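Here is the structure we will look at, set down as structure tokens.
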Amino acid sequence: MRTPFVAGNWKMFKSVAEARHLISELVPGLQAVEGVEKVLCPPFTALLAAAALLEGTDIGLGAQNLHWEISGAYTGEISPVMVAELCRYVIIGHSERRKYFGETDETVNRKVQAALTHSLIPIVCVGETLEENEAGQTAQVVSRQIRQGFAGIGGFFEASSASSVVVAYEPVWAIGTGRPSTAAGARAVVVDVIRPALAELFGAAFSQAVRVLYGGSVTGSNAAEYFAEPEIDGALVGGASLKVADFTQIVKAAAG
Ligand code: PGA
């Protein structure tokens, strides 16, 4: 079945020294939890130090973005080859990147293809804004993000490789607001929109095998509600992933 998955998205927080400190505090508690795929996604500058600290643990390392070209004159960008040197995972299409950095379904698609080409596991974020939610457009928006984000990549997937991609449903209105979606609301989008869209693209077996996470104001105290929904396979955690006790509690909750 689907192995629970919990990733911490550190966003633009933590210097190298702070990252080292946080990781050394997190590792013992996270290592003690079995049966959960655990991933930390610090800023690029902390990846090298993080990789060294996580070596020999069962905790994975992820980046928060990449560029789709393997090299070239792209000042300020990081290529999939560079990310793959240090990481096994990469967050793609986070709503903050869509909102502040012009990321579109098309660039998400290019990045997903680049990640898969370089054997990175993309954690692909989808989710509607508050306005879209209030206008009743959630299904339409999320389904479009899935179809366009995963367009033209059927060749990468068979049922057996569904573990090579993770989808995170993150309603934008729930991110960093302390106003999470209800577990039932998140489940409805996963069951009625995300898995059917994946099934249409890659078949029913694939859509049932891929991990779909919830993200948006997940904390140590509410995480278990999401994981009690069999269709929600884990969480993408922002703010609470920077707190040792909270993040450890979330990972424990995912183990059941
Ligand atoms: P949050 O962020 O947990 O702070 O709401 C989630 C995310 O942006 O992935």
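Note: hydrogens, waters and symmetry copies are ignored here, and every other heavy atom, side chains too, is used. Numbers here are sequence positions counted from 1. It should be emphasised that the depicted structure is a prediction, and the values quoted were computed from it without experimental measurement. Counting starts at 1 for both ligands and their atoms, in listed order.
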Have a look at Glu170, Glu96, His94 and point out the one with the heavy atom closest to atom 8 (O) of ligand 1. His94
So, are Asp105 and Arg147 salt-bridged, with charged N and O less than 4.0 Å apart? no
Under a 4.0 angstrom heavy-atom cut-off, which atoms of ligand 1 come close to Ser217? 1 (P), 3 (O), 5 (O)
If we number the atoms of ligand 1 from 1 as shown, the ones under 4.0 Å from a heavy atom of Gly216 are 5 (O)
Near Lys11, which atoms of ligand 1 are under 4.0 Å from a heavy atom of that residue? 2 (O), 7 (C), 8 (O)
Please list the nearest protein heavy atom to atom 4 (O) of ligand 1 with its residue and the distance rounded to 0.1 Å. Gly239 N, 2.8 Å
List the steps and the verdict of side-chain hydrogen bond (donor to acceptor under 3.5 Å, both in side chains) for Gln113 and Asn109. CA-CA 6 Å; Gln113 297 203 31; Asn109 181 244; 3.2 Å; yes
Any N or O of Val237 that comes nearer than 3.5 Å to an N or O of ligand 1? no
Ranked by distance from atom 3 (O) of ligand 1, the top protein heavy atom is Gly238 N, 2.8 Å
Show, in sequence, the C-alpha distance, side-chain angles and deciding distance for Glu231 and Arg2, and conclude whether the salt bridge (charged side-chain N to carboxylate O under 4.0 Å, His left out) test is met. CA-CA 10 Å; Glu231 290 295 333; Arg2 303 185 295 257; 3.8 Å; yes
Is it the case that atom CZ in Phe13 sees more than 12 heavy atoms from other parts of the structure closer than 6.0 Å? no
Is it true that Glu37 and Arg211 make a salt bridge, defined as a side-chain N closer than 4.0 Å to a carboxylate O? yes
Mark up the atoms of ligand 1 that fall under 4.0 Å of a heavy atom belonging to Gly176, in ascending order. 1 (P), 4 (O), 5 (O)
Which heavy atom of Pro80 sits nearest a heavy atom of Glu69, and at what distance? CD-O, 3.2 Å
Using heavy atoms and a threshold below 4.0 Å, how should the contact between Asn9 and ligand 1 be classified: side chain, backbone, both, or neither? side chain
At the 4.0 Å heavy-atom cut-off, does Gly215 count as touching ligand 1? no
May I have the step-by-step check of side-chain hydrogen bond (donor to acceptor under 3.5 Å, both in side chains) for Tyr89 and Gln64, ending in yes or no? CA-CA 9 Å; Tyr89 304 85; Gln64 299 172 18; over 6 Å; no
